[in-house]
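For reference, the structure discussed in these notes is given below.
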There are 2 protein chains.
Amino acid sequence: MKVTKHCETPQAGPMSRGSENSTETEQPCPIEYILDRISSKWSFLILRELLIDNRRTHELQEALPISTKTLTIRLRELEKYGMIERKVYPEIPPRVEYSLTPRGRNIKPVIDALQQAGEAWLSDEQVVGDS
Amino acid sequence: MKVTKHCETPQAGPMSRGSENSTETEQPCPIEYILDRISSKWSFLILRELLIDNRRTHELQEALPISTKTLTIRLRELEKYGMIERKVYPEIPPRVEYSLTPRGRNIKPVIDALQQAGEAWLSDEQVVGDS
DNA sequence: CGGCATCCTTGAAGATACTG
DNA sequence: CAGTATCTTCAAGGATGCCG
């Protein structure tokens, strides 16, 4: 779906906030903006793989329990949004390699944060023990 | 869907890695684990609202363009996973307030990272100008 | 006010077979 | 090997109406 307004820049970093919204007219919420592009679990996991190293198609398929169709769709989407790059080597058999663009690498902090939050969750899961 | 294996603890922090996986038998990937719980865009946005401050139901509805049905579903889910707390004040008219639990507050770094990544994206969007 | 219940639309994903 | 095409299933979400 599409959201348009709200989001008053939540915890608004330490700086900024000085001259109100002067040049920026109707900036959408950054969080929403990014979630509208990579809200799929697979997008995150694909990006995580590529953060480790470049990958060929079948390597991604082996790393993730994803169908070829969905994988292709997600890859095309990430490519379209300029997060990954698709490089085709005209060989036989075909060889395709995916890598992160600078913009793609920008989500590393997000992946890292997810990693840590997940670890924290898992460790207190063993103590508290909920579902 | 359900994933079960893979994830070799990606960029595995600086330390650890010493005694292999001794006590941990089949730990799922933390990232997957957490994404299986809050992969919905709405979950993130609800958590973001509650990170700012506690909220009543109608406040969340006003802040987010979400249907009452979906909002309730997401709230129940977050509650079930122990990320938020639901407090009912037996008044007339009814009054319900949602707040974050410690576990819920754990995802603040994730939200912050999303915020920054989104801002970076939006700012180079204006320069490069892709869809 | 908070939130079910119902109906309906969409999209995400899997499985499978097939092509260059 | 990489990717497309087709068919199917299922969950997410919206809209609306009703209730305590």
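Computed from a prediction, not measured in an experiment: that's the story for all the values here. First the proteins, then the strands, lettered A, B, ... as listed; each starts at 1.
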Report yes if a side-chain nitrogen or oxygen of [X] is closer than 4.0 Å to either non-bridging phosphate oxygen (OP1 or OP2) of [N]; otherwise report no.
| X | N | answer |
| --- | --- | --- |
| B/S67 | D/dG14 | yes |
| A/T70 | C/dG14 | yes |
| A/S40 | C/dA13 | yes |
| B/W42 | D/dG13 | yes |
| A/R56 | D/dA2 | yes |
| A/R86 | D/dA2 | no |
| B/R74 | D/dG13 | yes |
| A/T57 | D/dG3 | yes |

Just how far, in rounded Å, is [atom2] of [N] from [atom1] of [X]?
| X | N | atom1 | atom2 | result |
| --- | --- | --- | --- | --- |
| A/L75 | D/dG3 | CG | P | 7 Å |
| B/L35 | D/dA12 | CG | P | 14 Å |
| B/K69 | D/dA12 | NZ | C1' | 7 Å |
| B/K87 | C/dG3 | NZ | C1' | 20 Å |
| A/I73 | C/dA15 | CD1 | C1' | 13 Å |
| A/I92 | C/dG20 | CD1 | P | 13 Å |
| A/K41 | D/dA11 | NZ | P | 14 Å |
| B/L71 | D/dA15 | CG | C1' | 15 Å |

Minimum-distance nucleotide to A/T72 side chain [options: C/dC4, D/dG3, C/dG2]: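 For A/T72, the side-chain atoms sit closest to D/dG3.
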From C/dC1, C/dC4, D/dT4, nucleotide with atom closest to B/P94 side chain: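 Selected nucleotide: C/dC1.
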Nearest heavy-atom neighbours spanning A/T101 and A/E85: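 Taking every non-hydrogen atom into account, CG2-N, 4.0 Å.
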Angle of first-five versus last-five pair axes in the helix from C/dC1-D/dG20 to C/dG20-D/dC1, to 10 degrees: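 It works out to 50° between the end axes.
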Any residue meeting salt bridge (Lys or Arg N to Asp or Glu O under 4.0 Å) with A/R55, in chain and number order, not counting sequence neighbours: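 Applying salt bridge (Lys or Arg N to Asp or Glu O under 4.0 Å) to A/R55 gives A/E49.
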Six-ring centre of A/Y33, A/R37 cation under 6.0 angstrom, axis tolerance 45°: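 Output yes; distance and angle both within limits.
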Cluster link B/L50 to B/V88, ILVMFWY, side chain under 4.5 Å: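 Yes, same cluster.
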Lys/Arg N to Asp/Glu carboxylate O, B/K80 vs B/E77, below 4.0 Å: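 Salt bridge absent between B/K80 and B/E77.
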Any donor-acceptor N/O pair under 3.5 Å between C/dC4 base and B/T68 side chain: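 Counting by modelled atom types and ignoring angles, a donor-acceptor contact under 3.5 Å is found here.
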DNA chain D: 5'-proximal contact among A/Y98 and B/I66 (nearest heavy atom):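 Whichever sits nearer the 5' end wins; that is A/Y98.
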Atom pair CG/CZ of B/L71 and B/R76 - distance to nearest 0.5 Å: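 The CG atom of B/L71 sits 9.0 Å away from the CZ atom of B/R76.
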Between OG on residue B/S43 and CG on residue B/L75, distance to nearest 0.5 Å: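 One finds 9.0 Å between OG of B/S43 and CG of B/L75.
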Check: B/S99 and B/K87 side chains under 4.5 Å, non-hydrogen atoms: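 The answer is no; the side chains never approach within 4.5 Å.
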